[in-house]
Amino acid sequence: MIEITLPDGAVKKVPKETTPMEVAKSISEGLARNVISAKFNDTVVETATPLTQDGTLTLYTWNNDEGKKAFWHSSSHVLAQALEELYPGIKLTIGPAIENGFYYDVDFGEHTVSEKDFPTIEKKALEIARGKHDYKMRSVSKADALSYYNEQDNEYKVELIENLEDGTITFCDHSTFTDLCRGGHIPNTGIIKAIKILSVAGAYWRGNENNKQLTRVYGISFPKQKELTAYLELLEEAKKRDHRKLGKELELFTFSQKVGQGLPLWLPKGAALRERLEQFLKKAQKKAGYEMVVTPHIGQKELYVTSGHYAKYGEDSFQPIHTPKEDEEFLLKPMNCPHHCEIYNSSPFSYKDLPKRYAEFGTVYRYEQSGELHGLTRVRGFTQDDAHIFCTPDQLNVEFKKVIDLSLYVLRSLGFENFTAQVSVRDLDKPEKYIGEPENWEKAEQAIINAAEEKGLNFVIESGEAAFYGPKLDFMVKDALGRQWQLGTIQVDYNLPERFDLSYKGSDNELHRPVMIHRAPFGSMERFVALLLEHTGGNFPLWLIPDQAIVLPVSEKHEKYAEKVLNSLENHEIRALIDNRNETVGKKIREAELKKIPFMLIVGEQEEGSETISVRRHGGEDFGSISINEFSDLVATEINSTLKSF
Ligand SMILES: [Zn+2]
Ligand SMILES: [Zn+2]
């Protein structure tokens, strides 16, 4: 008999060679029907793998990320079989699961594949899936594995096998198809009920542009047809909300090849929006006891050698800037922290002076590979809403709670209600991975967990996920399309205070090391605006949106009155513009709708006579004719309902 421990701590005694699927069955038939993948002692196993020793077993369904991974990886085998049957002589390379779906990189030889072939591939793949073929793993010797793929003339698989150790090589069979594979499959192909080929793209073998270019076929699959339909609808909606598209339409930002890739240029409306976001956070930070600091965009190379950032970013990033003076080198700053440490170091502090909270909208530069760049979410220069808190270990819990309060305030003011948190702590089995005193770690981890509990956060604890220099808390936000984004990290750091020799005088008159907290509720202004665009589809909260209203005179005759209305709106601090083109009101309304301007103020004969405006809300709601004062109250009420004071 062996002892199987389940995630809830329950222990099951089962005969040796029992499989994960049999364990599932012994728990409930319902569970067994849904189990598609399993992990035994931190290793992914097949649901049919006989278990031969004591250990911890986790069973996964479609509702777990691990389950989806097995589902999609298994689907890539089905795709590969379909491609091989449709295009004889092609060479298969690798086919992993990805965040949403899977791909297979294929050398199609003389064949070409394009969008028009997708339905044929999907049909073939689904036909194979319906055969309910079991996935079966088997060990093969290196020699047999090599000869199998040499016979097929597949130099890619041969290269992969050559780098593997004899005795560790496994093949996976299903139906008539065999693939080199480490494992991690669903029980059989019949569980795959819907398959969609999403796109094809070029991809170099092993990601190296000196190698041959292969064709990457992207696909996704589901256990129910209706889930595929919902996913495709989501994709359509995501396309409409793509921040790169909306950023252009709403005239927020642009890129110039002349300025350089990954370096966003903020247009007037975007810059003003960013300014409002900054002011919003500055105001809250001031109340929370932060002090603003300003530091330069570059620093001496030595600064980053001290901080350790040179070792991390130096080689693969922007290279040092040289000056006429020999041996003088500066770096574009990849992080603001070293500068803030030196600000802390500029004056002596006692425990009574702490905490010190230094905040800066600091622009940093990191050299992302050009293939990694993506709109505003992956850029080479970005501004962090950065702050560093220097405190005593005893202050950590209170400071952490304050940062949580501020982060929640930021998220809620911007319409994010759906969020969770993750607390990342040490792996207690690997103490060598972490710097700093274990008792400080213990204290910090407990401080974070207590803070998260006291603030009523919905959080999980992930052991082994902490950075080598300290534990942290991340907020995970779900956007309107249900996609998860990591936003707002609060990180404890024992490393930089050590490296910069930071100290404060304690009540015992001795020098002590402060603890440092890094935090950025937005993350970066660039990424946050991108996320906000995709979350709201450009319908920003009223307090933030570039143009809150547009005045639409029905004819030239009413232009003067329209100007007067605009003036009056400005006096009420409402951001508005005017459309006095010689067009019909209907057309002006349609265009204002497209620009997502929240309020359309129509002025004609009747409005001019009664000194009113006819107010129409984006989307169609009609407020009738009201005075400007009444409209101003309407705007103020809506703003106050989302933007509470901190
Ligand atoms: Zn596989
Ligand atoms: Zn920092």
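Order of appearance sets the numbers: ligands from 1, and atoms from 1 within every ligand. Numbers here are sequence positions counted from 1.
- A cation-pi arrangement is present between R216 and Y103 under the rule of less than 6.0 angstrom and at most 45 degrees off the ring axis.
- Angle NE2(H77) to the Zn ion (ligand 1) to SG(C181), rounded to 10°: 130°.
- The Zn ion (ligand 1) lies at 2.8 Å or more from every N, O or S atom belonging to C172.
- Backbone or side-chain N, O or S atoms of H340 do not reach the Zn ion (ligand 2) at under 2.8 Å.
- Annotation: cation-pi geometry not satisfied between R366 and F318 (NZ/CZ under 6.0 angstrom from ring centroid, within 45° of ring axis).
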Go through H185 and H73 one step at a time and tell me if the side-chain hydrogen bond (donor to acceptor under 3.5 Å, both in side chains) criterion holds.
-> CA-CA 7 Å; H185 304 99; H73 166 71; 3.1 Å; yes
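- Environment of CD in Q279: crowded, with over 12 heavy atoms of neighbouring residues, nucleotides or ligands closer than 6.0 Å.
- Rounded to 10°, the angle that ND1 of H518 and NE2 of H388 form at the Zn ion (ligand 2) is 100°.
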